[in-house]
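Just follow the structure's listing: the first ligand is 1, and inside any ligand the first atom is 1.
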Amino acid sequence: MKLLSIVVPCYNEEESLPLFYDEIIKVTNGMAETYPELTFEYLFINDGSKDKTLEKLHELADRDERVRFISFSRNFGKESGMYAGLKNAKGDFVVVMDADLQHPPAFLPEMYSYVRSGEYDCATTRRISREGESKVRSWFAMKFYKIMNKISQTEIVDGAQDFRFMTRQMVDSILEMSEYNRFSKGIFSWVGFKVKYMPYENIERAAGTTSWSFWGLFRYSLEGIMAFSTAPLAIAILLGLLCCFVSLIFFICAIVSAASYGDNPAALALTGLILLVGGMDMCCTGILGQYLAKTYMETKKRPIYIASETEVEYRERKSAAGKESE
Ligand code: UDP
Ligand code: MG
């Protein structure tokens, strides 16, 4: 038997939860018929909701023993919710999805078929349209992915979402990244593994409202840049070098004007001097920044490598396949 954990972070989802539960039960019942080896657990994370989400979860837990939940003492944010879910999920496979049906449960059978085949370790959806989103927001999102992919070694796929169907092995790797400031889009990509991207059109929330404001998203994107890149710390070096270069031009101008026209070069030379000192100062700050960047990355204590297979798993898999074919 294989257990599939369905992890659902919820914040003020009293209206969506019953809809979500009905839908997920429909889909997972269908999956249980097609794949008799599958059993399910539904792990909801109540992220300090201010509405009746917790009451709804109590009702669901009374009705269905496969329903589990963790209720936070306050709102910690979706990232913390996902972490708690992954940490506590018991499944051989884990899927993380939103409660508002924007991550349609109907994708689950196909996702499972990819992961089950052994060809992929993770199946996820990728938005190919940003229908229903404001132009400004789409523009910022596009720029964010551009900048992020330029300055960070971790590739972040445009439109990739937190709707992820993963093997236990991938989940354990994600949990090994125990950093406090979590940016899941980056973490999912950092751990590697073979990922199947399934294109889909954006759909509206089933009920309730989004908890993301424009500024909330903006702050989150800065968080992402800071978690996966130390490039901003190098800006001081570049600016410093630029100042030094400009100061050189001032010195040349001072010499030329004194030599050819007999002008007093004091003003030009003084400006050059200020720029030179300022530039050198910024370069030194930038160098400090580089050491800080190294220390920053060390403090995250990320795993140094993640193996996807060794001979042990290979042999186990081979003998299991042999037994099956007997
Ligand atoms: N969520 C959460 N904690 C928060 C904000 C959101 O657990 O502080 C959950 C929310 O209940 C939903 C998912 O994260 O299941 C995505 O949130 P939302 O739909 O508001 O974001 P959007 O789809 O607009 O990006
Ligand atoms: Mg949503």
**Prompt:** atom 4 (C) of ligand 1: which protein heavy atom is closest, and how many Å away?
**Reply:** Asp47 OD2, 3.4 Å
**Request:** Please confirm whether Gly81 comes under 4.0 Å of ligand 1, counting heavy atoms of the residue only.
**Result:** no
**Asked** In the protein, which heavy atom is nearest to atom 10 (C) of ligand 1, and how far is it?
**Response** Glu13 OE2, 3.2 Å
**Prompt:** Do you know which two heavy atoms are closest between Cys122 and Met166, and how far apart they sit?
**Reply:** SG-CG, 4.0 Å
**Message:** Counting non-hydrogen protein atoms only, what is the nearest one to atom 19 (O) of ligand 1? Give residue, atom name and distance.
**Reply:** Asp100 OD2, 2.7 Å
**Prompt:** What are the atoms of ligand 1, with element, lying closer than 4.0 Å to any heavy atom of Ala99?
**Reply:** 15 (O)
**Request:** Write out the residue and atom name of the closest protein heavy atom to atom 21 (O) of ligand 1, then the distance separating them to 0.1 Å.
**Result:** Trp212 CD1, 3.0 Å
**Asked** Thr125 and side chain to side chain donor-acceptor pair (under 3.5 Å): which partner among Glu201, Arg164, Gln161?
**Response** Gln161
**Prompt:** Going by distance only, is there an N or O of Asn75 that falls short of 3.5 Å from an N or O of ligand 1?
**Reply:** yes
**Item:** Protein heavy atom at shortest distance from atom 18 (P) of ligand 1
**Value:** Arg205 NH2, 3.6 Å
**Item:** Point-to-point distance, once rounded to the nearest 0.5 Å, from OG of Ser5 to CZ of Arg66
**Value:** 12.5 Å
**Message:** For atom 7 (O) of ligand 1, what's the nearest protein heavy-atom neighbour? Residue, atom name and distance, please.
**Reply:** Pro9 CB, 3.4 Å
**Prompt:** Which value, rounded to 10°, describes the OE1(Gln102)-the Mg ion (ligand 2)-OD2(Asp100) angle?
**Reply:** 100°
**Prompt:** Any idea which heavy atoms bring Asp98 and His103 closest together, and the distance?
**Reply:** N-ND1, 3.0 Å
**Prompt:** Would one find more than 12 heavy atoms of other residues, nucleotides or ligands at under 6.0 Å from atom NZ of Lys300?
**Reply:** yes
**Item:** OH-CZ distance between Tyr21 and Arg63, expressed to the nearest 0.5 angstrom
**Value:** 5.0 Å
**Asked** Rounded to the nearest 0.5 Å, how far apart are OH of Tyr11 and OG of Ser16?
**Response** 13.5 Å
**Message:** What protein heavy atom lies closest to atom 5 (C) of ligand 1? Include the residue and the distance to one decimal.
**Reply:** Ser211 OG, 3.2 Å
**Message:** Does the plane of the ring in Phe165 sit parallel, tilted or perpendicular to the ring in Tyr112? Use 30° and 60° as the thresholds.
**Reply:** tilted
**Complete:** shortest atom 1 (N) of ligand 1-to-protein heavy-atom contact is with Tyr11 CB, 3.7 Å
